[in-house]
Amino acid sequence: MVERIANVPDNVLGFAAKGKVTAADYESVIIPAVEKLFACQKKVRFLYHLGEDFTGFETAAMWDDAKLGLKHLGGWERMAVVSDVEWIRAAIKVFALAIPGHVRVFDNSELDDAMRWVAE
């Protein structure tokens, strides 16, 4: 399940993942919000929190994530991914090399730091 994070700064689009993230989560929550924001501005600041309740992604959800990222490749101004899951942290660090914007990975204990950084 994916939910919008309500208390993020105004210039940040934030989501929290709990349990297993599905393609339906991307198609009904994340993609519409991202597309709506890109319709209004050229650059997006994005916070994705994969907290302690996160258990994984459906394969189709990972595919939707990749498609969304590539569609707006030059539009990610800042992206903060907050997770203690090691394979996610490693994957984000590798993919960050291909993303023109700034990307950082934070531990779950650093969620407040991630919010401050992504909003700077």
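- A donor-acceptor pair under 3.5 Å is absent between the side-chain atoms of W76 and the main chain of F46, judged by distance alone.
- In terms of hydrophobic clustering, with Ile, Leu, Val, Met, Phe, Trp and Tyr side chains grouped at heavy-atom distances under 4.5 Å, F95 and L70 are assigned to different clusters.
- Here K20 does not pair with D25 in a salt bridge; the nearest charged N to carboxylate O distance is not below 4.0 Å.
- Both M62 and I31 are members of a single hydrophobic cluster when ILVMFWY side chains are connected at heavy-atom separations under 4.5 Å.
- Distance check, rounded to the nearest 0.5 Å: CG of D10 to CZ of R45 gives 12.5 Å.
- Looking at E77, its side chain never comes within 3.5 Å of a backbone N or O of K43 through a donor-acceptor pair.
- A perpendicular orientation is assigned to the rings of F15 and Y48, their planes being inclined by more than 60° (bins at 30° and 60°).
- To the nearest 0.5 Å, atoms OG1 (T55) and NZ (K18) are separated by 12.5 Å.
- The minimum heavy-atom distance linking G74 with P100 is given by the pair CA-CG, 4.1 Å.
- Taken together through direct or relayed side-chain contacts under 4.5 Å among Ile, Leu, Val, Met, Phe, Trp and Tyr, I92 and L111 form parts of separate hydrophobic clusters.
- Here the rule is side-chain contact (heavy atoms from CB on, under 4.5 Å) with F54, and of V2, D84, I88 only I88 fits it.
- Put simply, the residue from K67, K42, E35 that forms a side-chain contact (heavy atoms from CB on, under 4.5 Å) with H72 is E35.
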Quiz item: Can N7 and M115 be said to form a side chain to side chain contact (heavy atoms under 4.5 Å, CB included), step by step?
Solution: CA-CA 9 Å; N7 61 339; M115 280 196 207; 3.9 Å; yes

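- D65 is not listed as a side-chain neighbour of L68, based on a closest heavy-atom distance of 4.5 Å or more.
- Within a 6.0 Å sphere centred on CD of E52, other residues, nucleotides and ligands contribute 12 heavy atoms or fewer.
- The two atoms that bring A119 and N11 nearest to each other are O-ND2, 3.1 Å, heavy atoms only.
- A heavy-atom distance below 4.5 Å is found between the side chains of D107 and R89.
- For the atom pair CD (E58) and CG (D64), the distance works out to 9.5 Å, reported to the nearest 0.5 Å.
- Here the shortest heavy-atom pairing between V103 and A96 reads CB-CB, 3.7 Å.
- Using a 4.5 Å cut-off on side-chain heavy atoms (C-beta onward), Y26 and F57 make contact.
- Atom NZ of K71 has 12 or fewer heavy atoms from other residues, nucleotides or ligands within 6.0 Å.
- Residues V8 and L13 fail the side-chain proximity criterion, which asks for heavy atoms closer than 4.5 Å.
- Counting only heavy atoms from C-beta outward, the side chains of I5 and H49 approach each other to under 4.5 Å.
- Counting only heavy atoms from C-beta outward, the side chains of R78 and L47 never approach each other to under 4.5 Å.
- In the hydrophobic clustering of ILVMFWY residues, with side-chain heavy atoms under 4.5 Å counting as a link, V85 and V21 come out together.
- In this structure, the side chains of V81 and F106 stay at 4.5 Å or more apart for every pair of heavy atoms.
- You'll find the side chain of V105 stays beyond 4.5 Å of the side chain of S83, heavy atoms only.
- In the hydrophobic cluster analysis, where Ile, Leu, Val, Met, Phe, Trp and Tyr join through side-chain heavy atoms closer than 4.5 angstrom, M79 is grouped apart from V118.
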